[in-house]
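Nothing here was measured: the structure is a model prediction, and the numbers come from that model. For the numbers below, each heavy atom of this structure counts, side chains included, while hydrogens, waters and symmetry mates do not. First the proteins, then the strands, lettered A, B, ... as listed; each starts at 1.
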Protein chains: 2
Amino acid sequence: MNLKTLAEKLGLSQTTVSRALNGYPEVSEATRLRVQDAAVRFNYRPNSRAKGLATGRSMVVAQIVPGSSEHEMVNPIFGDFVGGATEALARFGYDMMISRVLEDDEGKIYRELHARGAVDAVILQGPSVEDPRIPLLNEIGMPYIVHGRSTGITAPYSWVDVNNKRSFRRATQFLTDLGHRRIALINGLEYMDFAQRRRSGYQEALDAAGIAADPALMCSADMTEGYGYRETRRLLHLADPPTAILSASMLAAIGIRRAIQESGLTMGRDVSVITHDDDLSYLRNGDDIPIFTATRASVRAAGAILAEQLVALISAPESGPVHHMIEAELVVGGSTGPARRRT
Amino acid sequence: MNLKTLAEKLGLSQTTVSRALNGYPEVSEATRLRVQDAAVRFNYRPNSRAKGLATGRSMVVAQIVPGSSEHEMVNPIFGDFVGGATEALARFGYDMMISRVLEDDEGKIYRELHARGAVDAVILQGPSVEDPRIPLLNEIGMPYIVHGRSTGITAPYSWVDVNNKRSFRRATQFLTDLGHRRIALINGLEYMDFAQRRRSGYQEALDAAGIAADPALMCSADMTEGYGYRETRRLLHLADPPTAILSASMLAAIGIRRAIQESGLTMGRDVSVITHDDDLSYLRNGDDIPIFTATRASVRAAGAILAEQLVALISAPESGPVHHMIEAELVVGGSTGPARRRT
DNA sequence: TCATCGCTCCAAAGCGGTTTGGAAAATCCG
DNA sequence: CGGATTTTCCAAACCGCTTTGGAGCGATGA
């Protein structure tokens, strides 16, 4: 069923039917109702491509799956983020498209998406400390928004981000307040901007407490369970082991807990642990009471907020770059306690 | 840059330029090269919507994000599956679109996507034992392929699936061969078809070994770490506890390991564990040597295979339903060993 | 009574491609 | 050399929608 045949069935012109369905005032309420009723009866939907061609907008937003090679890691937050974003986008009539780079040249795909007119905007995921995609997209002139920030970029750009620095400063301070002075940081990959910010928050809190940072207590890698486990084992075997550990992700924290238990220690008593928690739906931090003390920020909510900002940006690009800072909450669970005098 | 202006710059008609770029034989090699060169120079890309409108194909495949309410779980395999599928789709010039249901009526969105002509085909994720979406899509007449199967459906349909029954039969037999007779099954949600098949494979192997299945040794829920932990605790406190546990996912297996260690037992010696492993990029079963003995099948590879089958199906729907069975491999890790006589 | 206005509605021109049905030019062949 | 054939190219229709620029018509007001 297309517009033409629907118009014929109603004995109206395509113009009138189109206007009736799109809420234009040039059509009487009576005909509007008649048209709407018929549209429902015949299950009519305007063809997306034709509509897009006529309006010049595709009502699609793209996100590039990070990782060009097969062996790179798919971000574990991907599912929840996309879930939150698509739901919000759907409310505004937008669809979400996932693209993927086959070559190394990620810029190419943005250029192509724009030249093809395939999407109205893109979402930038996982920015590095100085992400080249931002100036690239500025040059191309396609609306976009970044999930996270890129410290090294001075040009203006829109973003939605968690206040990683502050949340890790608070978490660290929470530990120093409990008397901890040997605090380890098991961080994500530090070319990623969020990891960098977390480290600087951690650093600030140590400085404030007059604690010298110890490079042996810091590490950086992909946030897997095994990584948390291995690093914790290493840390616990140090001559002067940490009494508290800060973790960048729930998955790593699970590995941390395993290493602690395996050493015959008790988490929250012998070693305190605070983790960041993206509130992933398949990786909840306990059901009702939190297992880990955590800095929590729902990545699903972030996706929804980002989508809303992006939609606003598409319809009014001149409204300038938008920024939205999400404050993580510090939830206190059973994994932290006062520092114990070393035996 | 559009076709018209490109043609003008070349002093050719739109027809010729279009044909030159699309490989039609009606144009001389010389002009073809001239056109291709100009297309590259001006960074020309045919507009997706216009092309789609003219050809009647959108070159887009949709996948519905499962879970209509905010509290439902996003499938942890989502990211890896989509990564594998989009990469394969991209090779054939297809894009992948993610949609989401706002209402409860999932059928509505398939109808709408089809009526709008927004996509050429859809991917069905997570089929239940008798999934109503299959007859619905048959009725609508849009190409689709199922990731998994639906036992209760007799109508023909295309699918790509892991041989869950066989892999769990083998895993169970592996345990009975080691002398285990009390084998627990920590399964996924059993209205899901894959969970049902795994249980029946487990059942078959028990029957073959002459072991009576004990309902107390089986459970079914969303596959989270906490679930694996809680159920294992419960199992280990039984009067006649299991000596081996079969797990439906790595995440659950991690919880299982935690419960075992917490009980002062050693995994692989006191209690054997075999888990299914989707080979998720952020949840690897050890780096080089596997930690868990596992039935392994890469969900990323499944996504790629499914995408290829779907593309073939789109271009030749009459070639009938396609089926592709993936055999999981049984990798032996450190989590299994001979049954020990109970003390 | 007649120009004016507001309300409905419509014909037709895009949007940017593909594809059909020729036509002109070049090549072949007896 | 001239007709047949092939090669190379083009004008125009079409895909299904939006939107511009009116047209028709009853009501209004001077």
Side-chain angles (χ1 to χ4, degrees), chain A residues 1-36 38-39 42-60 93-95 112-120 315, chain B residues 1-39 42-60 93 95 112-120 315:
Chain A
M1 173 63 57
N2 58 17
L3 188 62
K4 189 175 171 188
T5 63
L6 181 63
E8 280 167 4
K9 277 197 195 294
L10 282 162
L12 291 172
S13 76
Q14 294 189 38
T15 311
T16 306
V17 175
S18 171
R19 287 185 160 156
L21 293 174
N22 290 320
Y24 283 77
E26 295 94 336
V27 44
S28 73
E29 246 356 83
T31 27
R32 187 189 305 282
L33 288 175
R34 199 160 68 90
V35 170
Q36 282 174 342
F42 294 115
N43 190 35
Y44 166 77
R45 310 274 174 171
N47 181 289
S48 303
R49 300 188 295 275
K51 187 165 188 161
L53 188 55
T55 58
R57 319 228 271 114
S58 61
M59 301 305 281
V60 175
Y94 281 84
D95 285 314
E112 194 210 298
L113 283 172
H114 189 239
R116 275 169 52 199
V119 300
D120 293 337
S315 48
Chain B
M1 174 64 54
N2 59 15
L3 188 61
K4 190 174 171 187
T5 63
L6 180 63
E8 280 167 4
K9 278 196 196 294
L10 283 162
L12 291 171
S13 77
Q14 294 189 38
T15 311
T16 306
V17 176
S18 170
R19 286 185 162 156
L21 293 173
N22 290 320
Y24 283 76
E26 295 93 337
V27 44
S28 72
E29 246 356 85
T31 27
R32 188 191 306 282
L33 288 175
R34 200 160 67 89
V35 170
Q36 281 174 343
D37 171 66
F42 294 115
N43 191 35
Y44 166 77
R45 310 275 175 171
N47 181 288
S48 303
R49 300 188 295 275
K51 188 163 186 161
L53 187 56
T55 58
R57 319 228 272 114
S58 60
M59 301 304 282
V60 175
D95 285 314
E112 194 210 300
L113 283 173
H114 189 240
R116 274 169 51 199
V119 301
D120 293 337
S315 48

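- A distance-only check finds no donor-acceptor pair linking the side chain of D95(B) to the backbone of V60(B) [under 3.5 Å].
- Salt-bridge check for R32(B) with D37(B): failed, with every basic side-chain N at 4.0 Å or more from each acidic carboxylate O.
- Rounded to a whole Å, the CZ atom of R49(B) is 13 Å from the C1' atom of dT18(D).
- Counting to the nearest Å, the P atom of dG16(D) and the CE atom of M1(A) are 12 Å from each other.
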Quiz: residues 8-15 of chain A side-chain donor-acceptor pairs under 3.5 angstrom, not counting sequence neighbours:
residue, atom, partner, partner atom, Å
S13(A), OG, T15(A), N, 3.3
S13(A), OG, T16(A), N, 3.2
S13(A), OG, T16(A), OG1, 3.2

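- No hydrogens or angles considered: nothing links the side chains of Y44(A) and R116(B) as a donor-acceptor pair under 3.5 Å.
- The phosphate of dG17(C) has neither OP1 nor OP2 within less than 4.0 Å of any side-chain N or O from S18(B).
- OP1 or OP2 of dG17(C) sits under 4.0 Å from a side-chain N or O of Y44(B).
- Across the protein-nucleic acid pair, N47(A) atom CG and dG17(C) atom P stand 17 Å apart, rounded to whole Å.
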Letter by letter from the 5' end, nucleotides 4-15 of chain D scores (B base, S sugar-phosphate only, - none; protein heavy atoms under 4.0 Å) ----BBBBB--B
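- To the nearest angstrom, P of dG16(C) lies 17 Å from CG of N22(B).
- A donor-acceptor contact shorter than 3.5 Å is absent between the side chain of S58(B) and the backbone of G52(B).
- Considering only the side chain of K51(A), dT18(D) comes nearest among dT18(C), dT18(D), dG16(C).
- Straight-line distance from the CZ atom of R57(A) to the P atom of dT19(D): 10 Å, rounded to whole Å.
- At distances below 3.5 Å, at least one donor-acceptor pair connects side-chain atoms of R49(A) with backbone N or O atoms of G117(B).
- dA11(C) atom C1' lies 14 Å from atom CG of L3(A), rounded to whole Å.
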